[in-house]
There are 2 protein chains.
Amino acid sequence: MAWELSAQRPIWSQLVEQIQLRIVTGRYPAGSRLPSVRELAADASVNPNTMQRALSQLEADGLVCSQRTSGRFVTEQEETIMELKKTLAKNLVRDFLTRIEALGYTAKEAAQLLEAEDAAQFRTKEDA
Amino acid sequence: MAWELSAQRPIWSQLVEQIQLRIVTGRYPAGSRLPSVRELAADASVNPNTMQRALSQLEADGLVCSQRTSGRFVTEQEETIMELKKTLAKNLVRDFLTRIEALGYTAKEAAQLLEAEDAAQFRTKEDA
DNA sequence: ATCATTGTATTAAGCTCTTAGTACAACAGT
DNA sequence: ACTGTTGTACTAAGAGCTTAATACAATGAT
């Protein structure tokens, strides 16, 4: 999955989310070394300062730690990562429920919409 | 539902979404007169210019129309409103599916998470 | 006719975000 | 010892968002 950045929100914030995603999905495994700030920035077509800001945030959250001159590493505590994954999922679900109910749908109807959309995506993939 | 504004995204954009919500849920019925720009701005604790920008966007989308000096009115075409509701719901579902799958969950697991969270919310409401 | 209210427009200031460019100390590899 | 890479820090500029403060023409109510 490449970097997907929108101008509608702070880029550094989107970078935080997408690096989190790469960590919880194992693309950046626990304890592994991250690409350098400059490398990540170039890959995302973003200024190094912006990437640095995102990484500082991740470091403040305890998800990565920097070794000053040898690079930056993902935390070795796999439990922290699993917990993050659960939190992200729970927030996603909670936000979705809040929004869909604000629109006037019940949770049951939301589940039906979800099934319908999933089936539609499945068909699209099959056709491809 | 009061105005819920975050500093993380452009306020005018959030105002657009929340006014859309008030329209599709019938709080601002089709054909009805909206509060004045200044009134809405004061209610949302926002600068009139910011509210004006949101309303201009809604007008460009054909959801409201202004009568220059007598006020602004919700479109009378209820079909437009119903269509917006469906579109908003579909986008919500699609985005949720995309994000939850990016986290590593299948659509089925997502549905289970949804049920679990809904049950949790139900319990919370019962306790209150 | 008068006056308040309507949408709309304009200018200025302050803020955050982003980019660009530069710089420095600490370490690894040679 | 030297060189390149590392994270980190700083300044400057430009863009967008928000607020503040006005201003104006058109209309409705009185």
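Since we're looking at a predicted model, the values are computed, not measured. A note on names: the letters A, B, ... follow the listed sequences, proteins ahead of strands, and every chain is numbered from 1. Computation of the quantities below employed the complete heavy-atom set of this structure, encompassing side-chain atoms and omitting hydrogens, waters and symmetry-equivalent molecules.
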**Q.** Partners passing side chain to side chain contact (heavy atoms under 4.5 Å, CB included) against A:Q77 (at least two apart in sequence or in another chain)
**A.** A:T75, A:T80

**Q.** Check: A:Q57 side chain, A:S13 main-chain N or O, donor-acceptor pair, under 3.5 Å
**A.** no

**Q.** Separation of C:dC17 P from B:R9 CZ (nearest whole Å)
**A.** 15 Å

Q: For A:E17, enumerate each residue passing the salt bridge (Lys or Arg N to Asp or Glu O under 4.0 Å) test, keeping only those at least two apart in sequence or located in another chain.
A: A:R9

**Q.** Contact list for DNA chain D against residues 12-23 of chain A - heavy-atom distance below 4.0 Å
**A.** none

Q. Roughly how far, to the nearest 0.5 Å, is the CG atom of A:L92 from the NZ atom of A:K90?
A. 13.0 Å

Q: Taking A:T50 for its side chain and A:V46 for its backbone only, find out whether a donor-acceptor pair lies under 3.5 Å.
A: no

Q. Listed in order of residue number, which residues of residues 53-73 of chain A have a non-hydrogen atom at under 4.0 Å from DNA chain C?
A. A:R53, A:T69

Q.
Between P on C:dG7 and CE on B:M51, what's the gap in Å once rounded to a whole number?
A. 11 Å

Q. Looking only at atom types and distance, does a side-chain atom of A:E109 sit under 3.5 Å from a main-chain N or O of A:T106, one as donor and one as acceptor?
A. yes

Q) Do any pairs count as a side-chain hydrogen bond (donor to acceptor under 3.5 Å, both in side chains) and have a residue in residues 18-35 of chain A, sequence neighbours left out, and if so which ones? A) A:R22-A:Y28

(Q) If we count only N and O atoms by modelled type, under 3.5 Å, do the side chains of B:S66 and B:E59 hold a donor and an acceptor together? (A) yes

Q.
Quick check on contacts: within residues 34-43 of chain A, what sits under 4.0 Å from DNA chain D by heavy-atom distance?
A. A:S36, A:V37, A:R38

Q. Would a distance-only check, ignoring hydrogens and angles, find a side-chain to backbone donor-acceptor pair under 3.5 Å from B:D61 to B:L63?
A. no

Q | Rounded interatomic separation in angstrom, taking CG from A:N49 and C1' from C:dT22 | A | 11 Å

Q) Which of these nucleotides, C:dA20, C:dC17, D:dT8, is closest to any side-chain atom of A:Q52? A) D:dT8

Q: Using modelled atom types only, decide if a donor and an acceptor are shared between the side chain of B:Q14 and the backbone of B:S6 within a distance under 3.5 Å.
A: yes

Q | Interatomic distance, B:N47 CG vs C:dT10 C1' [rounded to whole Å] | A | 13 Å

**Q.** Stepwise side-chain contact (heavy atoms from CB on, under 4.5 Å) test for B:L84 and B:I23
**A.** CA-CA 10 Å; B:L84 173 64; B:I23 291 178; 5.5 Å; no

